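These numbers were taken from a predicted model, which means no experiment stands behind them.
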Amino acid sequence: QVQLVESGGGLVQAGGSLRLACAASGQTDIVSAVGWFRQAGGRGRELVARITSGGITNYVDSVKGRFTISRDNAKNTVYLQMNSLKPEDTAVYYCKTLYLNYWGQGTQVTVSS
């Protein structure tokens, strides 16, 4: 079993920044690639960024150049640095182990215009 806990969400003005954290506990040795997803009201969950165990990253086009995913394996934590936030980034953000079906509980990000 793996537990994922997100933190760092909140309310920010457009153009601002937030850093989300996803802390893993439990059988962390089985965690490899991790992704950050987001879900806005009435929509499905969208994969925003992913990072492999080796640190290779991928981003959805809408966040390229603004968001950075990183991981600290010693702390079993994956981060999502979000800069130049836009109102359309407003969503609940979730982290998930990509090859296992473990999800965090989500953290709300609200960007005001």
Provide the full list of disulfide (SG to SG under 2.5 Å) pairs with a residue in residues 25-113, sequence neighbours left out, each pair given once.
-> Cys22-Cys95
Answer whether the closest heavy-atom distance between the side chains of Ile69 and Tyr59 falls below 4.5 Å.
-> yes
Kindly work out whether a path of hydrophobic side-chain contacts (I/L/V/M/F/W/Y, heavy atoms less than 4.5 Å apart) joins Val60 to Met82.
-> yes
Arg71 charged N/C atom sitting above Tyr79 aromatic ring, 6.0 Å / 45° = no
Geometric cation-pi criterion Arg38 and Tyr93, 6.0 Å radius, 45° cone = no
Would you confirm whether the ring centroid of Trp36 sits within less than 6.0 angstrom of the ring centroid of Phe67?
-> no
Hey, could you give me each pair passing disulfide (SG to SG under 2.5 Å) that has a residue in residues 35-93? Not counting sequence neighbours.
-> none
Out of curiosity, does Val48 fall in the hydrophobic cluster containing Val92 (side-chain heavy atoms, cut-off under 4.5 Å, transitive links)?
-> no
Will you find, in the side chains of Gln81 and Arg19, an N or O donor that is under 3.5 Å from an N or O acceptor?
-> no
Walk me through it: do Gln3 and Tyr102 pass the test side chain to side chain contact (heavy atoms under 4.5 Å, CB included)?
-> CA-CA 7 Å; Gln3 294 79 42; Tyr102 294 108; over 6 Å; no
Would you tell me whether Asp72 and Thr77 have side-chain atoms, one donor and one acceptor, within less than 3.5 Å of each other?
-> no
Hey, are Lys64 and Asp61 close enough for a salt bridge, meaning a charged N less than 4.0 Å from a carboxylate O?
-> yes
Heavy-atom side-chain contact between Val12 and Thr110 under 4.5 Å | no
Side-chain heavy-atom pair Val34, Arg50 within 4.5 angstrom cut-off | no
